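Worksheet for the structure shown next.
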Amino acid sequence: MLSTESAATVRATIPAVAGALDTITARFYETMLGERPELLDGLFNRGNQASGQQRQALAGSVAAFATSLLDHPGERPDALLSRIAHKHVSLGITEDQYVIVHKYLFAAIAETLGEAATPDVVAAWDEVYWLMAGSLIALEARLYQEAGTTGRDVWRPWRVADRVAQTADTVALTLEPEGEEPPPGFRPGQYVSVRVQLPDGLHQARQYSLSGWDGSSRRITVKRLRAGEHPAGEVSTLLHDSAAPGDTLMVSTPAGDVTLPGGDHPLVLASAGIGCTPMVAMLQHLAEQGSTRPVLVLHADRSPQAHAHREEISALVGALPGATAHTWYESGAEAAPGSRSGTMDLAGVEVPEGAEVYLCGPLPFMRELRSRFLRAGVPARSVRYEVFGPDLWLGADD
């Protein structure tokens, strides 16, 4: 909870600070990574740095957290920060790194705001920062404890045991743990980070859903994203083009808070493109449990040929007595009996009463589909979504 004095100062300055956050965060990353380039080696995503998405996500999270403190002073907004905490856990973020971030962030605030950064203003926003950091540190400590790690040992070597092409741009990699230590547990819907060394010597990590498992083995599905002139997609392209059986990859502890709940209430699993991967894991879990709960599976893709895990999803849906599926293809639907042409449209699709909805896919797709489910009467609290990369949707509640 913010102190009374700080709350008044933050309320008075939040329009000015929020308006300057993009400049503040741009200066923050520029200075910090300029003076501490080692942070780009395996920790910060240089693709998101190049696109500006990382600073947009940071600005959005700070603004959302400050607003939450003002609007709900008696609550700690853990739900708002859970997604960030899970991402941090998948990268091995530790408490001491918050001190580094604080140093460069507040230097950027002072430089950007100039004379407006009075001692009272800086002190109030410093309180916001440490309340946010403290919440994240506490959440991450609990997640590390649950995973049996300290935060400094989240990475371990896994061997590529199998490689199966799913589409022209998508490959499924089966991984087996190296060494005698048993693999960490996970919940269907979670992801792992994979860290690789790029041709220029820099290490980079990216997140991939666990799309399947068999005993101790785990499977990830990688879609090649053409890097072009920017570093976006460089890890996925490297894995797609070169990962082969016998290779060793550094893989993190599983993380992610968009996971299947218990109970027997209906589920809706809606995805687009490679967003189907967490849904495959959820369907596999339900099939292994012999679940009879109602499950509505919705998927949109460019074409049947671009649809990763298409046959596997069909088989899993067929194994679940309460499951039905609808698929949309922008082209080639006539080659896939039962599919529909065009983009996903809920017209004529009956959403089960009391359903919990899970979304994964491009952000515009999820935003539009979430609005449609809300209009169909699904409560906002019952619509959950997974984002890979910076969460530019943090705090959305309508």
Side-chain angles (χ1 to χ4, degrees), residues 13 16-66 84-85 87-119 121-123 125-126 128-130 132-133 136-137 140 151-152 154-155 193-207 225 227-238 250 252 388-392 394:
T13 59
V17 173
L21 272 174
D22 189 61
T23 302
I24 291 170
T25 53
R27 181 60 179 161
F28 156 69
Y29 281 116
E30 178 186 5
T31 305
M32 182 177 68
L33 296 177
E35 295 184 8
R36 302 288 298 267
E38 72 276 7
L39 295 176
L40 268 178
D41 191 33
L43 185 58
F44 283 97
N45 180 324
R46 66 179 176 182
N48 294 333
Q49 293 296 321
S51 69
Q53 290 186 340
Q54 189 65 62
R55 69 172 184 266
Q56 293 173 41
L58 175 59
S61 66
V62 171
F65 184 81
I84 299 174
K87 180 67 69 63
H88 285 180
V89 165
S90 81
L91 293 169
I93 298 295
T94 52
E95 183 174 350
D96 58 296
Q97 290 166 328
Y98 285 92
V99 178
I100 299 173
V101 168
H102 177 270
K103 170 187 173 181
Y104 289 100
L105 181 60
F106 276 78
I109 288 173
E111 181 177 335
T112 303
L113 297 184
E115 293 181 358
T118 64
V121 169
V122 171
W125 284 94
D126 186 73
V128 170
Y129 175 83
W130 284 114
M132 184 174 179
L136 286 169
I137 290 167
E140 290 156 19
R152 301 182 186 278
V154 301
W155 300 100
S193 291
V194 177
R195 188 177 67 195
V196 301
Q197 185 174 29
L198 296 167
D200 63 1
L202 192 74
H203 294 84
Q204 288 280 274
R206 300 291 187 270
Q207 289 73 45
L225 301 174
E229 298 179 357
H230 302 287
E234 59 186 350
V235 174
S236 293
T237 298
L238 178 68
M250 297 303 294
S252 76
F388 295 105
D391 188 354
L392 304 181
L394 190 63

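What you see is a predicted model; the values in this text were computed from it and never measured. For this chain, numbers begin at 1 and follow the sequence in order.
With rounding to the nearest 0.5 angstrom, the CG atom of Asn48 is 6.5 Å from the CZ atom of Arg206. Within the model, atoms OH of Tyr29 and CD1 of Ile24 stand 13.0 Å from one another, a figure rounded to the nearest 0.5 Å. Interatomic distance, CG of Asp200 versus CG of Leu198, reported as 6.0 Å (0.5 Å rounding). Rounded to the nearest 0.5 Å, atoms CG (Asn45) and CD (Gln54) are 7.0 Å apart.
Within the 4.5 Å cutoff, the side chain of Leu58 has no heavy atoms near those of the Leu21 side chain. Side chains of Leu238 and Gln204 form no contact here, defined as non-hydrogen atoms less than 4.5 Å apart. Between Val235 and Val194, the closest side-chain pair of non-hydrogen atoms is not below 4.5 Å. Counting heavy atoms from C-beta on, the side chains of Gln207 and Leu91 come closer than 4.5 Å.
By the 6.0 Å contact criterion, CD on Glu95 is open, its count of non-hydrogen atoms from other residues, nucleotides or ligands being 12 or less.
For residues 18-30, the set of pairs meeting the salt bridge (Lys or Arg N to Asp or Glu O under 4.0 Å) definition, not counting sequence neighbours, comprises Asp22-Arg55, Arg27-Glu30, Arg27-Glu111.
Taking both residues in full, the closest heavy atoms of Leu40 and Arg46 are given as CD2-CB, 3.9 Å, listed atom of the first, atom of the second, then distance. Ala66 and Val128 make their closest contact through CB-CG1, 4.2 Å (heavy atoms, listed as atom of the first residue, atom of the second, distance). The two residues Thr25 and Ala59 make their nearest non-hydrogen contact at CG2-N, 4.0 Å. Contact detail for Ile84 and Met132: the closest heavy-atom pair is CD1-CE, 4.4 Å. Considering all non-hydrogen atoms of both residues, Ala85 and Leu136 come closest at N-CD2, 3.9 Å. Summarising the geometry of Trp155 relative to Ala205, their closest heavy-atom pair is CH2-CB, 3.9 Å, with the distance given to 0.1 Å.
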I'd like a table of donor-acceptor pairs (distance under 3.5 Å, sequence neighbours excluded) in which one partner is a side-chain atom from residues 98-110, with atom names and distances.
unit_1	atom_1	unit_2	atom_2	d
Tyr98	OH	His88	ND1	3.0
Tyr98	OH	Glu140	OE1	3.1
Tyr98	OH	Glu140	OE2	2.8
His102	NE2	Asp126	OD1	2.4
His102	NE2	Trp130	NE1	3.4
Tyr104	OH	Glu35	OE1	2.9

